[in-house]
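First comes the structure, then the notes that go with it.
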Amino acid sequence: MNILLCDDDDVLASMIQFKLSREKFGDVTRASDGKMAIELLNQRKFDLVITDIHMPYHSGLELVTHIRQTLKQSVPIIVLSAEGLENTVLQAFEIGANDFITKPFSPAELAIRVKRLLQK
Amino acid sequence: MNPAMAPWNDPSRLETVLDLSIIALLGASLFIFFLFTSRLVKGGRVRRKTKLRERFQNSINVIVELDSSHDAKPAAYQFHYSDLQKDMGRSNLAKQVMVDQLVGLKRNLSGSSANTLIKVYLRLGLDQFSLRKLNSYRSKRKAQGITELSQMEVPSATKRIKSMLRSSNRTVREEALIGLVRLDRDMSLDFLDDYTSRLSSWVVMRIHRQLSFSDKRHLPDFSRWYRHVNADVVLFAIEMTRQFRQINNASKLAELFNDANQRIATLAIEVCGDLHSVEVADHLIQLVKRDWSNDIVSLSLVKSLGKIAQNDLHWQALTDYINHPNYAVKFEAVRALYFSEHESKYLQRWPVPSTPDLDAILRHVKDPLLQS
């Protein structure tokens, strides 16, 4: 399994990467900004994408739109955000995200949601 | 100019010019040297911080993962604590990097992982490191210490932080306020009882954000502060009543309609409208004539009435506002009537000659760009 993790917070991304590796979900590739994420997505396929909303160059929501509309991929997408406003959540789902987790979050909960989406 | 007077013909003046030029050149060289060395030092510091961060991160990841999983034996990860202690040493730079990492993670994580981060912070003695900052004469450092201690939920720091509510420095005062909200486990917000300083909109927003993370059932009844001597605290309490929809406070808000402070009175009126507190509509009607000449209060009144009008008396009062001298007030009255079920009864039968601009206002009301 290949998971793409898009977050510009190095420390948090490192922790998530560690957690997912420990859960043996597969390889976790990290993108520290939207531009890098899009380049990676254009080069290869991933089994799951986890993305923060606020990132340099392209936001997480732009990334979701790119995956669904440009690449036309149905890869499961989890959106992570400190912003839990109703409008943001609804927008994420409307453009094709499969799940939305508000920060602060529990890594254990993230792992369960990843497992559930990968099993589907 | 007389060639004989030119500086290059006068040896003593030439010498002075040369001396000044040498001094200027030396000064510029020193400045460039200073810039270059400070960049080198800064670059070295940044590289050192990055290395430290990478070294710490692995141990933190292991400790958080294994400690919060509950099925790992402590011995499996205890040596990581020693590693962290050794890597940190006595270096304040290393301690600060560690604290920044822990605080940064704590902001993003919840549950047992967050609790483990607090354990790491305390076990490495970093609470003492943060506490020492509260003694600093530099307000930025003090504020940093307050943020660290409150983010890492060190309850023993509460008293020290509370004493900083009286600081002459605004940044320290505001950080102390936010810090106390974070540390306030039972959400009583008792520290507001004696608070006499300003509460800026920025701080109110931050407090609101902090309170939003907590269980809403445990929030205090904000009407407790409606009669506070500090007008900013009263305004804060009214605003929080709106944000957290404490609709049971409508009658207490109505008592503020006659407050001597216009900001308090208008906010109370607005909030009653936003909370759809129909029980105060009659109170609002009594203010219509009294505050007719006050455009600010009239605007709040007409907006609220538009949301909570229930009977003919209320709708008639709204209709009266169509004759108000202030355009914004007229506009709100017309808008409320236009979008209500009473449009045909009041608006369509309104005698136009008494309000020649009624057509223009209606066009404005119907403009889709203005509809929220």
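Chain letters run A, B, ... following the sequence lines, proteins first and then strands; every chain starts at 1.
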What are the two closest heavy atoms between [X] and [Y], and how far apart are they?
X: A:Ser106; Y: B:Ser110; answer: N-OG, 3.4 Å
X: A:Ser14; Y: B:Asn61; answer: OG-ND2, 3.0 Å
X: B:Glu65; Y: A:Phe18; answer: CB-CE2, 3.6 Å

Between NZ on residue A:Lys19 and CG on residue B:Leu109, distance to nearest 0.5 Å: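 Result: 11.0 Å between the selected atoms.
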From B:Asn108 atom CG to A:Asp7 atom CG, the distance as rounded to the nearest 0.5 Å: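 One gets 7.5 Å once the value is rounded to the nearest 0.5 Å.
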Interchain contact, B:Val64 with chain A, by part (heavy-atom threshold 4.5 Å):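 Side chain only.
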B:Phe56, part contacting chain A, at a heavy-atom distance under 4.5 Å: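 Neither; nothing under 4.5 Å.
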Take a 6.0 Å sphere around [atom1] of [X] and say whether it holds more than 12 heavy atoms from other residues, nucleotides or ligands.
X: B:Leu122; atom1: CG; value: yes
X: B:Lys51; atom1: NZ; value: no
X: B:Arg209; atom1: CZ; value: no
X: A:Tyr57; atom1: OH; value: no

Region of A:Asp10 in contact with chain B, defined by heavy-atom distances below 4.5 Å: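 Nothing of A:Asp10, per the 4.5 Å heavy-atom cut-off to chain B.
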Atom group of A:Ala82 that falls short of 4.5 Å from chain B, counting heavy atoms: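 Contact with chain B involves both backbone and side-chain atoms of A:Ala82.
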